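Data first, discussion second: the structure below is written as structure tokens.
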2 protein chains.
Amino acid sequence: MTDKAPPARPRRAATLADVGREAGVSAMAASAVLNSPTTSTRISKETQERVLAAAKKLRYRPNQTARALVDRRMNALGLVGMLAGGDPNLYFLEVFDGVVQEATARGQIVTVFNVGSWEAASRLIPQYCDGRVDGLILVAPMIDAPASEWLPEHAPAVAVHPNHAVPGVANLRADDEGGARQAVNRLLGLGHRRILHVGGPVGYMGAELRCQGFRRACEAAGVGVPADYIVRTDFTAEGGAQAMDAWLQSHQGQPLPDAIFAASDGIALGCLERLQARGLRVPEDISVIGFDNTLFARAARLSTVAQPLRTLGRLAVQALLTSIEAHRDGHAATDATETVLDTTLIERATLAAPRATPLLIA
Amino acid sequence: MTDKAPPARPRRAATLADVGREAGVSAMAASAVLNSPTTSTRISKETQERVLAAAKKLRYRPNQTARALVDRRMNALGLVGMLAGGDPNLYFLEVFDGVVQEATARGQIVTVFNVGSWEAASRLIPQYCDGRVDGLILVAPMIDAPASEWLPEHAPAVAVHPNHAVPGVANLRADDEGGARQAVNRLLGLGHRRILHVGGPVGYMGAELRCQGFRRACEAAGVGVPADYIVRTDFTAEGGAQAMDAWLQSHQGQPLPDAIFAASDGIALGCLERLQARGLRVPEDISVIGFDNTLFARAARLSTVAQPLRTLGRLAVQALLTSIEAHRDGHAATDATETVLDTTLIERATLAAPRATPLLIA
DNA sequence: GTGAAAGCGCTAACAG
DNA sequence: CTGTTAGCGCTTTCAC
């Protein structure tokens, strides 16, 4: 005999129709009430109250996916990056932090896409544009294929620290070369001359620019850079540790460098660990400077070059939102822009003047 | 005279109807082809190929929000946590890492919701259940109100390190008390007796349990704990630094503690910084041990208690997915479960035997 | 084998 | 002021 609707449907979010039924009005009346911005005044006070009461009773929440279907907008931003399995990617994490803060402030949610490797990315990225997000923020993308092949029809996107500037979108990065020069100039100013650069991976624009900044600063100071005083490795502590060991091993009996300029804090940390393991003191025996000013640096009391990572994240959100607006208004994609932010030198406990008499490598 | 459809609509993702039109078949034929699982054989080879070719040409991607509307499932998981403005929340970040890895492996995307404060959370969380995600992972939620008030109708959810176990959902955490005992027992084993505990905020279950583990380990060893040897502060480096300074200030002229057990790596780092600033040597003058084994710990060469944070993240995803399945199959909410993972002691460079003669605080 | 029709929850454009 | 109709892009059921 339970022919009519049973008392309450257990597990299904209340819908506008439910609210309308409860309040004795149509679903669209309920819609009108619950979305005051446009049409609130059209509904009588009395009806409004009934609807509001019903919505509250039923704990009504508008279904955003249904809404997205009609106004073609999810209010969700996609963050694409590579979260390696090994040590957490602190660089990514700080940008992420900035992105989440700004997105939240702008009423957007952030969805994270983890590309296992950038080789897979050009296949994966198109799949991310499936309506669940309105645009993409690419963090340190390392993609060689031309964007037209993998970026769906000028989908709204921005790139932070891309290996090549992505055409047709906003590109944001820090001044890697300038930052490297700041670091090296400081080392030079302290009197260091034999400076080892433990650089990042070949092919990464950031790594290349830091390497170039290193060379230029040395050149400008008239300091020669022997070929073996530049090595390249991964942007990780393991990479730094291996590079450091390998270098020391292959230079036994020769003088220890005065200082090391590492292309990232992770690399610097690896160097530090290997140096300490050999009983070498930092900064008394050798100075070290990193890059990024991630948490690593603070915890290790490492001097470093700070990039405004969180700011980069916030700006990326702003640029992306602008681009999304333009896109929905039918404006052509705003042409590629390139924004470069300044870096700052942070001095901590790994910098000192060189030793009077260089140590020999054991 | 462009009366018919113009050559190509510029900016709008291709739809099933578009594909069908291009291939000269109906939209549902296209649908049937492009979603082989159920109905692939029903369509003729020839039609299949035409559809596939059209889809490729048009770069067709199924719209997940439309699909979600019909099968009530977004394949997106929500991660709710508090990303404070100050130092990045490394604890959150590591759990996050595990969540993203596992979710990606299971074909789910992860959406991050940042509650500015847990006070706001009970208002915010219901809003997150708006169809954009299928379930929620609450990371270290600190909510006093009963779950029935803020968790929408037993929406699928799991909690990692909740301050109270959330009823009706899976609760996951590490063995905080056991971990604390491990740490303290190690200190005791080295011969330390006057151990200062710099604990986390009052009210956080994790902080309380670590504090309790500290007390119990001392009691079990017959070591008394004066009331002023337990202080509480925020889970941050700043908190640790302030607490350390305040304690040293108020104990001038008294003997320095043998060792410090900090309730988090962040706190430990703050302590370390203040100790070093006073010229005290770790571990020669005083031993320090942290909790969490975040990056902080490694970079600062800090001994600590490791929690399987990434594993917690992975398990949370698995539990949530199970719960989502149960939910859609109409099974009642699986009753609350509680999973407690073991911790591991990690020894680095901040542990040593106590000094023969205690130092006095300057 | 294939198309027509209905509906997921919502909003927009009209009628009444 | 309010209800009806149509449609966002997709899937499912059911005729043909």
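Per chain, numbering begins at 1; letters A, B, ... match sequence-line order. Quick caveat, the model's predicted, so the values are computed rather than measured.
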Would you kindly give the [atom1]-to-[atom2] distance between [X] and [N], to the nearest whole Å?
X	N	atom1	atom2	value
Q64(A)	dC10(C)	CD	P	10 Å
R50(A)	dT2(D)	CZ	C1'	12 Å
D18(B)	dC8(D)	CG	C1'	13 Å
D71(A)	dG7(D)	CG	C1'	13 Å
D130(B)	dC10(C)	CG	C1'	13 Å
E46(A)	dT2(D)	CD	C1'	13 Å
R132(A)	dC10(D)	CZ	P	14 Å
M74(B)	dC8(C)	CE	P	18 Å

Look at the side-chain N and O atoms of [X] and state whether any lies under 4.0 Å from the OP1 or OP2 oxygen of [N].
X	N	value
S31(A)	dT11(C)	yes
T47(A)	dT2(D)	yes
R61(A)	dG9(C)	no
T65(B)	dC10(D)	no

Which one, [options], comes nearest to the side chain of [X]?
X	options	result
M28(A)	dG3(D), dG3(C), dC10(D)	dG3(D)
V70(B)	dG3(C), dG1(C), dG9(D)	dG9(D)
L16(B)	dC10(C), dT2(C), dT11(D)	dT11(D)
S44(B)	dG3(D), dC10(C), dT2(C)	dT2(C)
R67(B)	dG9(C), dG3(C), dT11(D)	dT11(D)
L69(B)	dC10(C), dT2(C), dC8(C)	dC8(C)
S26(A)	dC10(D), dG9(C), dG3(D)	dG3(D)

Under 3.5 Å side-chain donor-acceptor pair for H164(B) and D144(B):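 Yes, because at least one side-chain N or O of H164(B) sits under 3.5 Å from a partner of the opposite role on D144(B).
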
Sidechain-backbone polar pair: [X] side chain, [Y] backbone, donor-acceptor under 3.5 Å:
X	Y	result
R50(A)	A23(A)	yes
R73(B)	I324(B)	no
D134(B)	A76(B)	yes

Mapping R72(B) and G24(B) to their closest nucleotides on DNA chain C, which lands nearer the 5' end? G24(B)

Nearest-Å distance once atom P is located in both dC10(C) and dC1(D):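 Nearest-Å result for dC10(C) against dC1(D) at atom P: 25 Å.
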
What's the gap between dT2(D) and dG9(C) when it is taken at their P atoms, as a whole Å value? 25 Å

Angle class for the F113(A)/Y128(A) ring planes (parallel below 30°, perpendicular above 60°, tilted otherwise)? parallel

CZ/R310(A) to CD/Q101(A) distance, rounded to the nearest 0.5 angstrom?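 So the CZ of R310(A) and the CD of Q101(A) are separated by 7.5 Å.
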
